[in-house]
Amino acid sequence: MKKIALHWQILIALVLSIVFGVLFPSKVKYISWMGDVFMRALKMLIIPLILSSIISGVTNIKSKENLGRLTFKTFLYYILTSTLAILIGLFLVNILIPGKEADMGLAQGIEEIPIVNEGFSQILINIIPTNIFQACVENKMLSIIFFAILFGFFINQVETKHSTVLKDFFNSLFEVMMKITLFVIKFTPLGIFGIVAKQVSNSPDLVQLAIGLGKFMITVVVALIIHACFTLPVISKFIGKINPFTHFKNMSTPLLTAFSTSSSNATLPLTMEAVEHNSGVSNKITSFTLPLGATINMDGTALYECVAAMFIAQVYGVELSVFHQFIVVITALLTSIGAAGIPMASLVMITVILTQIGLPLEGVGLILAVDRPLDMLRTATNVWSDSCGAAIIAKSEGEELNV
Ligand code: ASP
């Protein structure tokens, strides 16, 4: 019998999980463990994978100039695409004005959302870990990445007899982590079946939400679609000279996983595998750009934060001047960099924007009910942008890709 391709298996699992969640909500407890096991397995991979991939990636970049050039290109791409995403969101939210007819009655309490009081300078300072092991335990991605880049860079500065041992060690560690990743990937359809069925059985009445907050949802969805299906493919095609359709097909497994898990961090092992093995980007580029991308390049999140903050202002009847909208854009960009690649991370960051422009934090309660479905789409957009970035940068470095 011909084997069904993995992305089809995942799509079938997605459809079946929705049917199961709707028809048998009380039976979901018998299958939700599959999702828990899958998520735990993915999370188990993240720290050793990020450490080994960045360290081996950086040591494989031969000269300081090359590392500098790669860092520059990577950050340029991240800032450019996130800003474009925000501007698309800002444009649509000003045209459609979704806050005009929103149903205030759908607001929920926001007790469970932690409020961020740290200023940007403190967030930057905190990137330097005081204890790298604690940073690993607490999943402080930026600190881990910072340490890994530094460590990889200085491996190349020591005597050959030392650097060879460490290079071999981290290259081998990385190979093993990728092998485990390949093994875990085989279970994606089962994991997604468990995760989505549980999500569907827990979700509030979508019809009622669609009536009350429909315009907000449409604004976010249309903006995300424009960014993912137009802006990023155009950049990939004309700047990166890659075929966005083939690349999209190659990325189907991580994209569907990002959509189902709402976590770009958890999806990272699958993203790395697909960008390297399907699209043919070198290990040197994937190991440097993708862990960084999963942590700081969040186009979907940036767009969502901007639309959500503007929406909340509209609901409260606050007219935001061009200057205030500019502050929203800048804050959305910075907070998307700081947002973690985990479910609902945006909600926390929106409180930062609301504080900046003096709106009540309870405004976040207005969008709480619709956050999850929108999180699925913005996470997929985040991962799609990371993968396009890796391919574009690889191409600009003269690599031969399969796309
Ligand atoms: N869930 C998103 C991600 O993991 C972050 C967010 O909440 O926007 O990429």
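Both ligands and their constituent atoms are indexed starting at 1 by order of listing. Numbering starts at 1 and runs along the sequence shown.
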contact_flag Ala340 ligand 1 heavy-atom lt 4.0 Å: yes
Can you tell me if Ala339 contacts ligand 1 (heavy atom of the residue under 4.0 Å from the ligand)? no
Among protein heavy atoms, which lies nearest atom 9 (O) of ligand 1, and at what distance? Ser264 OG, 2.5 Å
Can you report which non-hydrogen protein atom sits closest to atom 2 (C) of ligand 1, along with the distance? Thr379 OG1, 3.3 Å
SB check Glu397 Arg69 (cutoff 4.0 Å): yes
Thinking salt bridges, do Arg372 and Asp375 make one under a 4.0 Å N-O criterion? no
Quick check: Asn265 and ligand 1, any N/O pair under 3.5 Å apart? no
Which atoms of ligand 1 sit under 4.0 Å from any heavy atom of [X]?
{"X": "Gly341", "result": "3 (C), 4 (O)"}
{"X": "Ser263", "result": "4 (O)"}
{"X": "Ser346", "result": "6 (C), 7 (O), 8 (O)"}
{"X": "Met344", "result": "7 (O)"}
{"X": "Asp375", "result": "1 (N), 2 (C), 6 (C), 7 (O)"}

Of Leu374, Leu366, Val93, Val315, which is the lone residue that meets side chain to side chain contact (heavy atoms under 4.5 Å, CB included) with Phe216? Leu374
Just to be sure I read this right, does ligand 1 sit under 4.0 Å from the backbone of Ser262, its side chain, both, or neither, counting only heavy atoms? backbone
Can you tell me if Phe174 has over 12 outside heavy atoms packed within less than 6.0 Å of its CZ? yes
Is it the case that more than 12 heavy atoms not belonging to Gln157 sit under 6.0 Å from its CD atom? yes
Validation row: Met251, Val275 side chains within 4.5 angstrom (heavy atoms): yes
Using the ring centroid of each side chain, check whether Phe187 and Phe38 are separated by less than 6.0 Å. no
Judged on heavy-atom distance to atom 5 (C) of ligand 1, which of Asp299, Ile350, Ile342 sits nearest? Ile342
Using only heavy-atom distances, determine whether the side chains of Asp299 and Thr381 contain a donor-acceptor pair under 3.5 Å. no
